Amino acid sequence: MAEKNIFKWPITIYYEDTDVGGLVYHANYLKFFERARTELLRSIGVSQQELFKNKASFVIRHIDMDFLKGARLDEQLIVQTRVETVKKASIIFCQGLVNNAGHTLCKATVKVACVNPETMKPTAIPQFIMSEISK
């Protein structure tokens, strides 16, 4: 992942994240990536509460994930998140879980759609988000 415009979110792998073999359970990578996207939005001044007030919510439209190497108990890792594409009602994020040696353990391309949470129909991403996320 190119270093430009990458949001980095540190995580520690806890016992609850792992399976019986001490590796991160596959579904937990989704949680790590979700938290990093939420924190990226928070870093530009966007809260989930603010989104709801603007009758907007992000939902997952599509995910491609590639599990390259298992993350292990007690590892200190970084979730790297980059905005790939912004459209009127969707954003594509590229994300990777990286260890201290710089090796990517898991990567994902995540497409989120902006919907009105009352109707669950697509809606334009609020302008205050568009102006910050497109930088």
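Note that this is a predicted model, so its numbers are computed, not measured.
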If you take all heavy atoms of Met130 and Lys87, which pair is closest and at what distance? CE-O, 3.7 Å

Residues forming a side-chain contact (heavy atoms from CB on, under 4.5 Å) with Met120, sequence neighbours excluded: Val59, Val115

side-chain contact (heavy atoms from CB on, under 4.5 Å) partners for Ala27, two or more places apart: Tyr25

Test ring pair (Phe, Tyr, Trp, His ring centres under 6.0 Å) applied to Phe32 - qualifying residues, sequence neighbours left out: none

From Asn5, Leu40, Val110, residue fulfilling side-chain contact (heavy atoms from CB on, under 4.5 Å) relative to Thr81: Leu40

Side chains of Arg37 and Val112 in contact at under 4.5 Å (non-hydrogen atoms): yes

Please list all pairs meeting ring pair (Phe, Tyr, Trp, His ring centres under 6.0 Å) that have one or both residues in residues 34-72, counting only residues at least two apart or in different chains. Tyr29-Phe67

Under 4.5 Å between side-chain heavy atoms, hopping through other hydrophobics if needed: is there a path connecting Phe7 to Ile92? no

Salt bridge between Lys31 and Glu34, side-chain N to carboxylate O under 4.0 Å? no

Is the shortest side-chain heavy-atom distance between Thr18 and Asn28 below 4.5 Å? no

Same cluster for Leu23 and Val98 if Ile/Leu/Val/Met/Phe/Trp/Tyr side chains link at under 4.5 Å? no

Within this structure, what is the CG-CG distance for the pair Leu77 and Asn100, rounded to the nearest 0.5 Å? 7.0 Å

Start with the C-alpha distance between Leu30 and Met65, add both sets of side-chain angles, then the distance that settles side chain to side chain contact (heavy atoms under 4.5 Å, CB included), and finish with yes or no. CA-CA 9 Å; Leu30 293 169; Met65 287 183 74; 3.3 Å; yes

Provide the closest heavy-atom pair for Trp9 versus Ala36 in the form atom of the first, atom of the second, distance. CB-CB, 4.1 Å

Which residue pairs pass the salt bridge (Lys or Arg N to Asp or Glu O under 4.0 Å) test when at least one of the two sits in residues 45-72, sequence neighbours left out? Lys55-Glu118

Could you point out which residue of Ile11, Ile78, Thr104 forms a side-chain contact (heavy atoms from CB on, under 4.5 Å) with Leu97? Ile11

Please say yes or no: joined through hydrophobic side-chain contacts below 4.5 Å, possibly via intermediate residues, are Leu68 and Ile63 part of one cluster? no

Can you tell me how far the CD atom of Gln95 sits from the OG1 atom of Thr109, to the nearest 0.5 Å? 9.0 Å

CD1/Ile13 to CD/Glu75 distance, rounded to the nearest 0.5 angstrom? 7.0 Å

So how far is it from Ile44 CD1 to Ile129 CD1, rounded to the nearest 0.5 Å? 7.0 Å

Any pair with a residue in residues 84-128 that passes ring pair (Phe, Tyr, Trp, His ring centres under 6.0 Å), sequence neighbours left out, goes on the list, sorted by first then second residue, please. none

CG (Asp17) and OG1 (Thr12) are apart, to the nearest 0.5 Å, by 9.5 Å

If you take all heavy atoms of Pro126 and Cys114, which pair is closest and at what distance? CD-SG, 4.2 Å

Calculate, to the nearest 0.5 Å, the distance between atoms CG and CD belonging to Asn54 and Gln49 respectively. 12.5 Å

